[in-house]
Amino acid sequence: MSIVTVQLGQCGNQIGFEVFDALLRDSHSFQGLCSKRENEAYQTSCKERFFSEEESGVPIARAVLVDMEPKVINQTLSKAAQSGRWKYGQHACFCQKQGSGNNWAYGYSVHGPRHEESIMNLIQKEVEKCDSFSGFFIIMSMAGGTGSGLGAFVTQNLQDQYPNSLKMNQIIWPYGTGEVIVQNYNSVLTLSHLYRSSDALLVHENDAVHKICAKLMNIKQISFSDINQVLAHQLGSVFQPTYSAESSFHYRRNPLEGFKDPALYTSWLEPVHAFNVWKTQRAFSKYEKSAVLVSNSQFLVKPLDMIVKKAWNMFASKAYIHQYTKCGIEEEDFLDSFTLLEQVIASYCNL
Amino acid sequence: MTQSVVVQVGQCGNQIGCCFWDLALREHAAVNQKGIYDEAISSFFRNVDTRVVGDGGSISKGKICSLKARAVLIDMEEGVVNEILQGPLRDVFDMNQLITDISGSGNNWAVGHKVFGSLYQDQLLEKLRKSAEHCDCLQCFFIIHSMGGGTGSGLGTFLLKMLEDEFPEVYRFVTSIYPSCEDDVITSPYNSILAMKELNEHADCVLPIDNQSLFDIISKIDLMVNSGKLGTTVKPKSLVTSSSGALKKCHKKPFDAMNNIVANLLLNLTSSARFEGSLNMDLNEISMNLVPFPQLHYLVSSLTPLYTLADVNIPPRRLDQMFSDAFSKDHQLLQADPKHSLYLACALMVRGNVQISDLRRNIERLKPSLQFVSWNQEGWKTSLCSIPPVGHSHSLLALANNTCVKPTFMELKERFMRLYKKKAHLHHYLQVEGMEESCFTEAVSSLSALIQEYNQLDATKNVPVQDLPRLSIAVCCFHWLPY
């Protein structure tokens with residue numbers, strides 16, 4: 001069962017590269033304590049999920065690269081090709097020249113409708129290549145303009161066009177102290193829109209990953225490359241093929257299916273059902289044993305509350321609003337987004 | 001990737017522009033080893049096959065044939081432009097890109113704006129349109145001029161309105177040299193205030209710079225170089241002030257060195273848009289992040305380093321020093337005191353081998369000594385570009401939207417009023433067709449309104465930050481269901 005990845009914006013594309021790289025390296029790496037047959041089943045499952053094969057034997061990532069300016073995509077494509085181990089499809093990218101200027105409204109209301117057809121066509125082609133298609137994995141940041149705004153637009157479109165497929169959005173929560181000054185506006189608008197159209201939001205906070213690099217890995221001069229590699233490692237383990245209910249050698253057919261389990265989302269449930277454990281014998285990457293925890297908990301309430309608070313304070317002064325209204329996002333749209341997020345915060349708090 | 005066009009107006013504008021093109025060529029020559037015309041170069045240069053006569057010679061890919069600057073050179077005197085065309089950069093400019101006259105504007109904004117504006121309107125439009133047509137995707141006009149004279153100030157701002165009308169989607173970034181107190185042009189306050197009104201209304205972003213700051217920077221560098229205190233030699237070509245690579249004991253032409261600083265400012269401003277990096281910052285992001293309200297678009301710039309020591313192996317402490325320097329008055333291109341005023345927003349554009357952790361560490365370190373407006377406590381916009389400037393391992397450009405520009409404007413207004421009350425030299429302006437006293441009164445009002453905006457912000461300075469009451473949501477039995 002295959003997953004089609006959509007990488008949007010600088011962040012999405014930079015991370016996307018690291019994820020595919022990590023996945024391929026894992027499938028070729030140390031097999032740990034499992035048997036050869038088991039390892040082969042694992043490798044096949046892994047590869048098929050994220051890569052397609054072409055005649056030359058070099059795996060091609062099942063991905064669509066989208067950015068509104070060319071520098072990052074060019075770099076991403078060449079890094080992949082240079083690795084020699086895998087590459088991106090020749091016609092798998094959509095690029096423009098001007099960028100989105102960190103403006104969510106520009107990404108959502110201008111670039112979105114303008115390039116809707118081209119982008120959806122590219123995605124359609126990628127889906128058609130899959131023998132059995134399971135869903136979408138969308139990688140984007142919340143702070144900028146393309147990943148956030150265009151990402152929200154594309155996710156909505158995917159909801160309309162593929163209502164029965166799963167969409168999981170990997171969103172990057174920006175550092176608390178500015179990468180982008182309007183990041184709180186962009187984040188609020190992104191989250192409120194994704195809540196309505198995405199099935200699952202997998203969140204990574206730059207601050208948290210940064211701490212991992214600093215404290216657990218002791219990296220002295222942390223670069224975005226380091227951060228993205230840690231992220232990719234985590235994501236790779238989340239997507240690692242795991243056993244399905246049937247038997248030991250049978251990998252779970254739909255990797256995203258597990259996220260559809262309603263037990264993950266109800267507001268109250270009994271402790272015995274609280275943990276959904278997915279197992280595999282095969283080691284991940286270089287490690288003999290590893291564990292990944294994906295949780296739906298109240299951990300995100302505090303950061304979410306912080307973003308809403310800062311965005312609200314800025315909104316009250318009307319700062320930067322003219323940049324959004326000139327692209328078609330009105331004050332009402334902001335208010336709708338605030339309302340929705342306050343509801344989410346309230347309901348998490350009421351647990 | 002996008003392209004930008006530089007419009008250099010008047011003596012000052014053209015001299016700075018000339019330095020800019022020289023440095024831009026050097027920078028791209030250093031980065032682009034293979035001589036292939038790539039997107040980075042195309043942002044400021046066209047690639048032309050000079051064998052083709054007329055307009056059809058543009059080559060969009062492949063080897064570099066002949067580079068032509070995306071520029072329009074305008075001056076109402078011939079001296080400066082002629083010098084450029086006879087100098088080492090003559091091949092970089094197309095004869096079709098120039099507009100010159102002989103008589104000059106006599107340091108009179110009205111002559112520049114009204115007389116030459118209407119006289120050259122069609123020609124200006126034609127040249128600008130041509131330069132825009134040569135661009136695949138034009139994003140920005142960079143206008144370089146001085147405020148105190150007649151051509152740069154008057155005709156330069158006339159152009160601004162024209163650009164807004166003709167190319168509304170293209171950004172207008174203006175680099176304006178403000179006159180210092182000892183400026184020898186008596187009417188510079190008139191010219192500056194009249195120009196300010198146009199900047200308020202038609203510019204997207206203004207980088208005000210004053211000659212005094214540039215001069216101070218040059219003096220300090222000269223002092224350090226000549227004092228022998230450094231012990232090690234200063235690398236030639238590393239001086240942000242030098243263009244020819246030779247170390248001069250004393251600058252014979254101080255303006256050359258001063259202009260190079262401004263040229264470096266423009267290069268660094270556009271570096272993250274031209275070159276790759278782990279956190280890019282395009283030109284449209286500058287406006288988006290640094291201009292919270294349309295009228296408040298004046299950005300104080302500071303640049304570092306201004307020179308590099310011969311010791312190439314720079315340990316982290318020196319890197320942090322770079323950040324401290326950017327926030328010291330010695331490195332500012334405008335006389336102002338941002339640390340004791342209020343920040344609305346601040347951008348840090350870093351080049352070279354600097355990573356996100358270095359950036360964050362320094363922001364944390366410097367933040368406590370800076371005051372940000374209540375609704376933008378974390379008002380930092382950052383960018384990391386991998387390619388450093390020529391001769392340096394890293395550099396930093398800080399752009400601050402800060403209420404510290406207010407004193408500059410107030411002082412300008414005072415100088416204006418001293419002249420205006422006595423009606424001194426007013427007749428030179430009023431005798432120009434289209435000029436009336438209302439032009440002056442409107443210009444002063446415009447400036448007063450701007451100063452008032454900054455006053456209102458300053459009033460919030462020491463007020464403790466309070467979170468505003470949020471929306472209250474009624475939650476009743478809200479079950480969160482999967483779709």
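So you know, we letter chains A, B, ... as the sequences are listed, proteins then strands, and number each from 1. Scope of the values below: all heavy atoms of this structure, side chains included, with no hydrogens, waters or symmetry mates. Quick caveat: nothing in here was measured; it's all calculated off a predicted structure.
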Next item on the list: Would you mind checking which part of I219(A) comes under 4.5 Å of any heavy atom in chain B, side chain (CB onward), backbone (N, CA, C, O), both or neither?
Entry: neither
Notebook entry, point to check: Is any side-chain heavy atom of I345(A) less than 4.5 Å from a side-chain heavy atom of R470(B)?
Noted result: yes
Notebook entry, point to check: Under a 4.5 Å heavy-atom cut-off, does chain B meet the side chain of Q221(A), its backbone, both or neither?
Noted result: both
Note to self: Please classify the contact between V373(B) and chain A as side chain, backbone, both or neither, with a heavy-atom cut-off of under 4.5 Å.
What the structure shows: neither
Note to self: Quick check: closest heavy atoms across A319(A) and W375(B), and the distance to 0.1 Å?
What the structure shows: CB-CZ3, 3.4 Å
Next item on the list: Please flag which part of N74(A) lies under 4.5 Å from any non-hydrogen atom of chain B: side chain, backbone, both or neither.
Entry: side chain
Notebook entry, point to check: Between OG of S278(B) and CG of N228(A), what distance do you get to the nearest 0.5 Å?
Noted result: 9.0 Å
Checklist line | Distance, nearest 0.5 Å, that separates OG of S223(A) from CG of D358(B) | finding: 10.0 Å
Check: How many angstroms lie between atom CG of L344(B) and atom OG of S317(A), to the nearest 0.5 angstrom?
Finding: 10.0 Å
Check: Do M1(B) and K97(A) have side chains that get closer than 4.5 Å, going by heavy atoms?
Finding: no
Notebook entry, point to check: What part of D38(B) gets closer than 4.5 Å to chain A, counting heavy atoms only: side chain, backbone, both or neither?
Noted result: neither
Check: Do Q183(A) and W380(B) come close enough that some side-chain heavy atom pair is under 4.5 Å?
Finding: no
Note to self: Less than 4.5 Å to any heavy atom of chain A: does that hold for the side chain of E39(B), its backbone, both, or neither?
What the structure shows: side chain
Next item on the list: Name the member of Q377(B), M281(B), E285(B) that forms the most heavy-atom pairs with chain A at distances under 4.5 Å.
Entry: E285(B)
Next item on the list: Identify whether the distance between the nearest side-chain nitrogen and carboxylate oxygen of D282(B) and K71(A) falls below 4.0 Å.
Entry: no
Checklist line | Pairing residues for D207(A) by the salt bridge (charged side-chain N to carboxylate O under 4.0 Å, His left out) criterion, not counting sequence neighbours | finding: R360(B)
Checklist line | Residue pair G176(A) / E378(B): nearest heavy atoms and the distance that separates them | finding: O-CG, 3.9 Å
Checklist line | Donor-acceptor under 3.5 Å (N284(B) side chain, Q98(A) main chain) | finding: yes
Checklist line | Side-chain heavy-atom pair Q323(A), V291(B) within 4.5 angstrom cut-off | finding: yes
Checklist line | L348(B), part contacting chain A, at a heavy-atom distance under 4.5 Å | finding: neither
Next item on the list: Report the option among Q96(A), M68(A), K220(A), E179(A) that has the most heavy-atom pairs separated by less than 4.5 Å from atoms of chain B.
Entry: E179(A)
Note to self: Is it the case that over 12 heavy atoms from other parts of the model lie below 6.0 angstrom from the NZ atom of K318(A)?
What the structure shows: yes
Item checked: Over 12 non-hydrogen atoms of neighbours within 6.0 angstrom of CD in E364(B) -> yes
Notebook entry, point to check: Which region of Y106(A), side chain (C-beta onward) or backbone (N, CA, C, O), has a non-hydrogen atom less than 4.5 Å from a non-hydrogen atom of chain B, or is it both or neither?
Noted result: neither
Notebook entry, point to check: Nearest heavy-atom pair of M288(B) and G101(A): which atoms, and what distance?
Noted result: CG-O, 3.1 Å
Check: Between Q355(B) and I222(A), what is the shortest heavy-atom contact and its length?
Finding: CB-O, 3.1 Å
Margin query: Under a 3.5 Å distance rule, please check whether Y320(A) uses its side chain to pair with a backbone N or O of N289(B) as donor and acceptor.
Written below: yes
Margin query: Could you tell me if K381(B) and N102(A) have a donor-acceptor pair between their side chains, going purely by distance under 3.5 Å?
Written below: yes
Margin query: Any side-chain to backbone donor/acceptor pair from Q10(A) onto N280(B)? Under 3.5 Å, distance only.
Written below: yes
